[in-house]
Amino acid sequence: MDQQTYNAEVDARAQQILDAAHAEGRDHGLWAAHALMPHEPGEEDIVDIIRGGLWRQAECPTRDLLGGPFEILPCMLFLCRWEKQLPDSAVALIRDFMTEAHLERGNTENHWLMAYTGILLAAERWPDVEFAWSGLSAAAIAAEAKRWIGGIIERTALQGHHEYDSTGYHIEHMTSYIGLYEHVQDEALRAQVEKMLTLLVADMALEYFDGAWAGGHSREGYRQNTWTRLGGIQPLQYLYFGGIDFNPVSHTQGFAIPSVAASYRPPALFADMAWDRSTAHVVKKTKAPRTIYRHAREAARPVRKYTYMSRHFALGSTQVGLPGNQAGPIDLVSWDLTWSGPNHQATIVCNHPYRSPDRFSAFLNGFPQHIGRAISTDKPYLQWPDRLFGASPYESMMQHEGCVVVLYDIPATDDHPFVNVFLPNGHAWSERDGWLFADLGPFYVGLRPIGPYEWVTIREANNANILVREGDLIDGWLLRIHSGQAGLVLEAIEADQTENFDAFCSARSALQPDLSQWPFNRSVQVQTTTGHVLDIAHGGAHRINGEVVDYDAYPLYEAPGVEAALGTGKIRFARGDDAVEVDFDVDPNKALLPMRVIG
């Protein structure tokens with residue numbers, strides 16, 4: 001598709017989203033008011049939106065307000081885009097808030113990015129105004145914001161994104177960088193921002209599967225990771241890639257509306273890449289180490305992702321590289337199998353529901369001695385034994401194409417010495433020689449639990465104060481493997497790669513995993529129905545067909561038509577005669593900006 005045709009299609013989808021947001025009445029917050037402004041709202045409505053977003057119903061002077069990233073960014077994007085149409089009273093409210101309120105930048109990468117983006121735009125807008133919350137000049141504030149934003153872009157170009165591939169938080173990164181691309185006055189920074197956007201859209205495209213984001217995710221919690229399509233990134237997936245039915249709810253989520261209203265258009269070839277699954281292929285990615293400073297006896301290792309994009313399913317796994325028990329993100333999803341279908345009926349995933357006050361206090365505000373109870377008050381599901389997301393320090397996995405092996409070595413002293421496996425309940429599962437099989441139509445799947453297990457129902461709902469009848473959050477089978485040394489083997493195969501479902505079941509069950517060295521020597525060997533041998537040592541080497549997997553050799557990106565050596569800042573995306581080349585012009589010997597955020 002040529003760029004002009006692609007831009008026209010994106011323009012049409014953008015208008016569709018904005019029209020729906022307005023028609024559904026989802027345009028009266030600071031994030032979403034971009035959908036309201038073309039309809040010429042009155043001064044009172046605009047002022048109400050600003051005061052509601054920044055004052056939050058409080059009646060107090062501006063100097064008594066506390067604002068964070070989720071106020072700083074949307075108010076400045078609203079001002080920058082609509083300044084000529086805003087009444088003076090609205091502009092004054094935003095100026096007063098940005099210069100007089102107490103502003104804080106949060107504690108995750110997306111928080112800092114949103115805060116620094118809004119602060120930089122404010123410092124450029126009002127270079128001679130005193131910013132009372134910092135005591136620094138606008139020039140100093142702008143310099144610090146540009147130092148951090150530029151530094152994080154360079155880190156990403158060399159090492160990969162830190163808060164990587166998050167269905168929930170990628171949108172905050174996209175909206176911040178698109179806001180900078182559209183409004184920042186520093187042209188050098190703007191050029192780097194455009195390159196950064198190229199990488200973030202590429203991340204979305206390379207693992208796009210019929211509206212879903214396949215593979216491992218740094219953050220995909222909130223009891224929604226059994227959904228087929230989820231997270232605040234859905235509007236931009238629809239906007240940039242199309243190809244699925246428009247959803248007036250999920251595609252009008254507020255955090256995305258500033259980006260939908262923007263003029264930024266990514267290269268057209270990413271839409272072609274997103275939909276090209278004519279041939280099964282592997283996508284490899286390197287992401288930045290999950291940096292942690294407390295309770296870490298060693299440096300974090302880079303994250304390595306492996307996603308097998310087949311025609312009718314996608315299987316992805318992650319080498320998380322955690323430096324210690326406390327380093328695992330509370331909402332990480334390390335692997336899953338994804339295909340097309342309704343929520344809860346098109347995903348298989350497993351998790352050890354590890355919890356620790358040290359881990360909670362490493363990622364959330366609060367002291368270890370109090371954080372357990374505080375979590376139970378604010379985010380009780382992070383303590384639940386049925387949890388299906390969150391990093392476990394006792395997990396090890398490897399993958400080759402459509403087969404993944406996941407092992408756990410959980411100490412007996414752990415609060416939850418077992419593993420939860422989610423299976424869709426809308427499909428027939430049959431057992432044969434220790435394997436569980438399902439005919440999923442265009443492809444088949446076989447799963448071999450390692451350890452004694454039981455079938456139980458898992459059903460969770462948003463409205464759960466009395467009785468849960470339908471699980472809008474989670475609804476399916478929970479296969480609980482009752483062992484500290486639990487594990488599983490999963491193989492998925494296209495239906496046309498084998499004679500029929502029964503033939504696959506026979507071939508798969510005949511090749512039992514070699515458990516003779518598990519758990520005593522901490523290794524398991526598995527032969528796939530396609531003739532490959534996976535040999536995994538928990539905490540040790542991984543071998544495919546006898547050769548050690550060299551995760552250190554992973555590039556920044558590896559996929560058909562993609563060239564991206566690690567540590568160079570140079571990336572090339574090509575498809576047919578179309579190509580996009582990005583060079584961040586980064587000195588690889590220059591010290592990187594310290595990563596002192598979480599996420």
Side-chain angles (χ1 to χ4, degrees), residues 214-217 220-221 223-228 313-318 331-339 341 343-355 381 384-392 394-399 402-410 414-438 440 444-460 471 473-492 508-509 513 515 518-519 524 526 536 538:
H217 307 280
E220 191 183 63
R223 299 179 292 163
Q224 295 177 349
N225 64 302
T226 64
W227 296 15
T228 309
F313 66 88
L315 177 66
S317 60
T318 314
D331 40 11
L332 177 139
V333 172
S334 56
W335 80 275
D336 68 13
L337 175 68
T338 298
W339 64 98
N343 285 349
H344 323 303
Q345 300 303 324
T347 295
I348 296 175
V349 66
C350 78
N351 178 254
H352 162 231
Y354 172 76
R355 67 178 185 181
Y381 50 85
W384 291 354
D386 290 350
R387 184 159 41 84
L388 295 166
F389 58 90
S392 170
Y394 310 120
E395 181 182 72
S396 182
M397 70 183 67
M398 72 173 298
Q399 179 185 347
C403 183
V404 65
V405 185
V406 188
L407 299 177
Y408 296 87
D409 191 9
I410 307 166
D414 189 82
D415 289 345
H416 303 133
F418 53 78
V419 169
N420 299 319
V421 184
F422 177 83
L423 297 179
N425 59 9
H427 304 282
W429 292 91
S430 59
E431 192 276 340
R432 185 183 301 191
D433 297 328
W435 286 83
L436 302 173
F437 294 102
L440 299 174
Y444 310 136
V445 64
L447 185 145
R448 171 62 157 83
I450 299 174
Y453 64 89
E454 65 171 330
W455 294 82
V456 296
T457 297
I458 182 170
R459 188 168 61 242
E460 297 178 12
L473 285 174
I474 306 174
D475 195 346
W477 291 114
L478 183 70
L479 201 70
R480 177 159 289 168
I481 306 177
H482 289 285
S483 172
Q485 285 67 50
L488 64 85
V489 180
L490 181 146
E491 184 173 7
R508 181 60 276 177
S509 58
L515 304 178
W518 180 258
V524 170
V526 175
I536 175 173
H538 190 291

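R448 CZ to E431 CD: the interatomic distance, rounded to the nearest 0.5 Å, is 9.0 Å. To the nearest 0.5 angstrom, R387 atom CZ is 11.0 Å from E460 atom CD. Of the inter-residue distances, the one linking I474 atom CD1 with I458 atom CD1 reads 4.5 Å to the nearest 0.5 angstrom.
Closest of all the heavy-atom pairs between G390 and N351 is O-ND2, 2.7 Å. The two residues D475 and F422 have their closest heavy-atom pair at O-CZ, 3.7 Å. The minimum heavy-atom distance between H416 and P353, with the atom names listed, is ND1-O, 2.9 Å. For the pair C350 and W335, the tightest heavy-atom approach, listed with the atom from each and the gap, is SG-NE1, 3.2 Å. L479 and P449 get closest at one heavy-atom pair: CD2-CG, 3.9 Å. Contact record, A346 with P424: N-CG, 4.3 Å, taken as the closest heavy-atom pair.
No hydrogens or angles considered: nothing links the side chains of H217 and N225 as a donor-acceptor pair under 3.5 Å.
Side-chain atoms of Q224 and L473, non-hydrogen and from C-beta on, do get closer than 4.5 Å to each other. Looking at I481 and I450, their side chains never come closer than 4.5 Å, going by heavy atoms from C-beta outward. Looking only at side-chain heavy atoms (C-beta outward), V524 and L515 come within less than 4.5 Å of each other. With contacts defined as side-chain heavy-atom distances shorter than 4.5 Å, the pair W339/I348 qualifies. Side chains of Q345 and N425 form a contact here, defined as non-hydrogen atoms less than 4.5 Å apart. The shortest distance between side-chain heavy atoms of T457 and W477 falls below 4.5 Å. The shortest distance between side-chain heavy atoms of D414 and Y408 does not fall below 4.5 Å. Residues V419 and I410 form a side-chain contact, since some pair of their non-hydrogen atoms from C-beta on lies under 4.5 Å apart.
Between Y354 and Y394, the ring planes are perpendicular. Angles over 60° get that label, and only those under 30° would be called parallel. Between W384 and Y381, the ring planes lie perpendicular to each other; the angle is over 60°, past the 30° to 60° tilted range.
A search for side chain to side chain contact (heavy atoms under 4.5 Å, CB included) contacts involving D415 returns R355, not counting sequence neighbours. With sequence neighbours left out, D386 forms a salt bridge (charged side-chain N to carboxylate O under 4.0 Å, His left out) with R480.
Side-chain atoms of Q399 come within 3.5 Å of backbone atoms of S317 as a donor-acceptor pair (strictly under, hydrogens ignored). Here the side chain of T318 pairs a donor or acceptor atom with the backbone of S334 at under 3.5 angstrom.
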Next item on the list: Please lay out, stage by stage, how L447 and V421 fare under the test side chain to side chain contact (heavy atoms under 4.5 Å, CB included).
Entry: CA-CA 10 Å; L447 185 145; V421 184; 4.3 Å; yes
Note to self: Quick one, R223 with F389, criterion side chain to side chain contact (heavy atoms under 4.5 Å, CB included). Give me CA distance, side-chain angles, the key distance, then yes/no.
What the structure shows: CA-CA 8 Å; R223 299 179 292 163; F389 58 90; 4.0 Å; yes
Output a table of donor-acceptor pairs, distance under 3.5 Å, between side-chain atoms of residues 482-490 and any protein atom two or more places apart or on a different chain; print 'none' if there are none.
| unit_1 | atom_1 | unit_2 | atom_2 | d |
| --- | --- | --- | --- | --- |
| H482 | NE2 | E454 | OE2 | 2.8 |
| S483 | OG | Q485 | N | 3.0 |
| Q485 | NE2 | D409 | OD1 | 2.9 |

